[in-house]
Amino acid sequence: MSYVAISCFLVTIAASLLITVWAARRSRSRADFFVAGAKVTSLQNGLAISGDFLSATTFLGLTGMYFTSGIDPVATFLISPLIGLPLMLLWIAGPLRRAGKFTLGDVMTSRLGSQSLRLFSGVTVVIISIIYLVGQLVGAGSLISIMFGLQFPAAVILVGVLMTLYVALGGMLAATWVQIVKAVLLIAAVAGIAALALVQAGGPAALYARAAAVHPQSLSLFQPGASGMSLFSSASLMFGMVVGIMGLPHLLIRIFTVPDEKAARGSMVGAVTIVAFVFALLGTVVGPASIAFVLGRSEYLDAAGLLRGGANMASIHLSQALGGPMLMGIVAAVAFATILAAVSGLVIAIATAAAHDIYGVLAPKAEANERREVTVFRVSAAGMAAVAVVLAFAFQHENVALLTALALSVAASANFPILVLVLYWPRLTTAGALAGGIAGLVGSVVLIVLGPAVWVKILHHAAPLFPSDYPALVTVPLAFVTAVAVSRLERAPKAHPAPQV
Amino acid sequence: MARVRAGQVVITALLAVVALAGVAPAVGPTLRPVWLRAMVGGVPLSAWLLLAIIVALLFAAWIISAGGFQDSRAEETDR
């Protein structure tokens, strides 16, 4: 690794810590720590939400996926967030901002007034976010060890310490500004790589011709079929990603960081615009450029003839091919910043739910004590980060995509249906909401265990008991049906009013 | 409010249709639509299609925002 890359790496850490110190001086109250005082503007929040999508998985993973298989599997991952975000704008953003203050638990209790539902919401948020966080940490540890030469344990501990510092000292304000700075850097990096690729190739036509010429699949790169997924799996993956986005806690709590509904909707439009811009470049220029400029060049291959560091490093090698060590160092540092921003957002979601929903229910007398809740927030951030680091060591050799699929599936199945019913179905009861949420949670975990990734590849059975790794197409309807059926059976629709202002 | 609800349902249905494009890879192994790799201006049709879908979804978000199709009962109450 060059001195440029190491310098950029150190500058990234220093800049993020400076943001944390600045945020720590401005964060005093519970609202400051949980939702940045609800003073984030539409544009800032749009950048932060887009930053949640433009993660290392997106930038490094999707380019690597294109490098390996072409446009086929990439298209699903590019299109689904751009469907989920407008749907979130259409149905969720406004009512969520109106009904909630700090957490999803607030939204649940605003309608049903149930502390048990608040506790369930808090526990679900912690489960989803911890699974997601462990997946991110495992991926981050591997990537950082490849990019900067650190050992896996050192890389994971470094990320764990930094994310704890951001959240425990600077709260949501620090996490938001780390995310904003990273989003701007990533947009610039992707745009820069795309522009350089088009210029150096001699235009889009020449770029595609070069990619088709060097790849063994030739023109089939640009034709569906490479992923080999069944119709059910593909549909369930797409469905799970679209509705899972609307159930991911670390995205939903960003709605609470703006002052009102109008700003909440404005931030969603901003996020869609930025994500669409970056995804368009990734799917139509950066992906094919990674093949055209990296594939088959000996300087990027290891002794076995494979891409050095694996397919996830395709965009890093591409930046070196286009701009030499300087650009590679900058892009590697941007990738590192995306990792830090993503994990700190997840720790915020966990700490807020632990302090406000779980601790608030288990120790109700303390709820009014803001200082104590902030202390619990900080302790939760540090404690949960430590748990996630330990779990990352345990899951080091497991499939990270499986953890991400599990988190998205639980978010889609346990959170999304109950959130929609709370916001739009006045006859929902507490028992119905709890039953639906538990059905979605348990159903998604059980079906993933019975699917090919766990039942066959980990537990070594001959055939899976459930045909797909993506159960959302079954478990989301299951949660809806259970919630509605139990609410109707309970026969106690005491006309809970819809949230009022 | 009825107009808002109708607009929400129609836009959701349109977005669901767009989502089917994302499921296209699933029918790929069977149909492998060769026409998607045809070149238009030196760029594969699939890339143009992906770009068109992304732009359409971007416009959808802008239309939702500008057209008043969101649930905004609070603002109506305020008025």
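Quick note: numbers below take in every heavy atom, side chains included, and nothing from hydrogens, waters or symmetry partners. In the text below, chain A, chain B and the rest are named by the order of the sequence lines, each starting its count at 1.
With a 4.5 Å cut-off on non-hydrogen atoms, A:A276 touches chain B through its backbone and its side chain both. In this structure, the portions of A:L219 lying under 4.5 Å from any heavy atom of chain B include both its backbone and its side chain. Only the side chain of A:L78 comes within contact range of chain B, with heavy atoms under 4.5 Å apart. For A:V242, no part lies under 4.5 angstrom from a heavy atom of chain B. Proximity to chain A involves both the backbone and the side chain of B:L58, based on heavy atoms less than 4.5 angstrom apart. Using a 4.5 Å cut-off between heavy atoms, A:S80 makes no contact with chain B at all.
The ring-ring contact (aromatic ring centres under 6.0 Å, His included) check on A:F67 picks up nothing, with sequence neighbours excluded. Applying the ring-ring contact (aromatic ring centres under 6.0 Å, His included) test to A:Y208 and every residue at least two apart in sequence or in another chain returns A:F222.
Your options are A:V275, A:T273, A:L237, A:T284, and the one with the most heavy-atom pairs under 4.5 Å with chain B is A:T273.
A:T68 approaches A:Q217 most closely through the heavy-atom pair O-NE2, 3.9 Å. The heavy-atom pair separating A:I255 from A:A264 by the smallest distance is CG2-CB, 4.0 Å. Between A:P95 and A:Y424, the closest heavy-atom pair is CG-OH, 3.5 Å.
Remark: A:R97 fails to qualify as a cation-pi partner of A:F256 under the 6.0 Å distance and 45° angle criteria applied to the six-membered ring.
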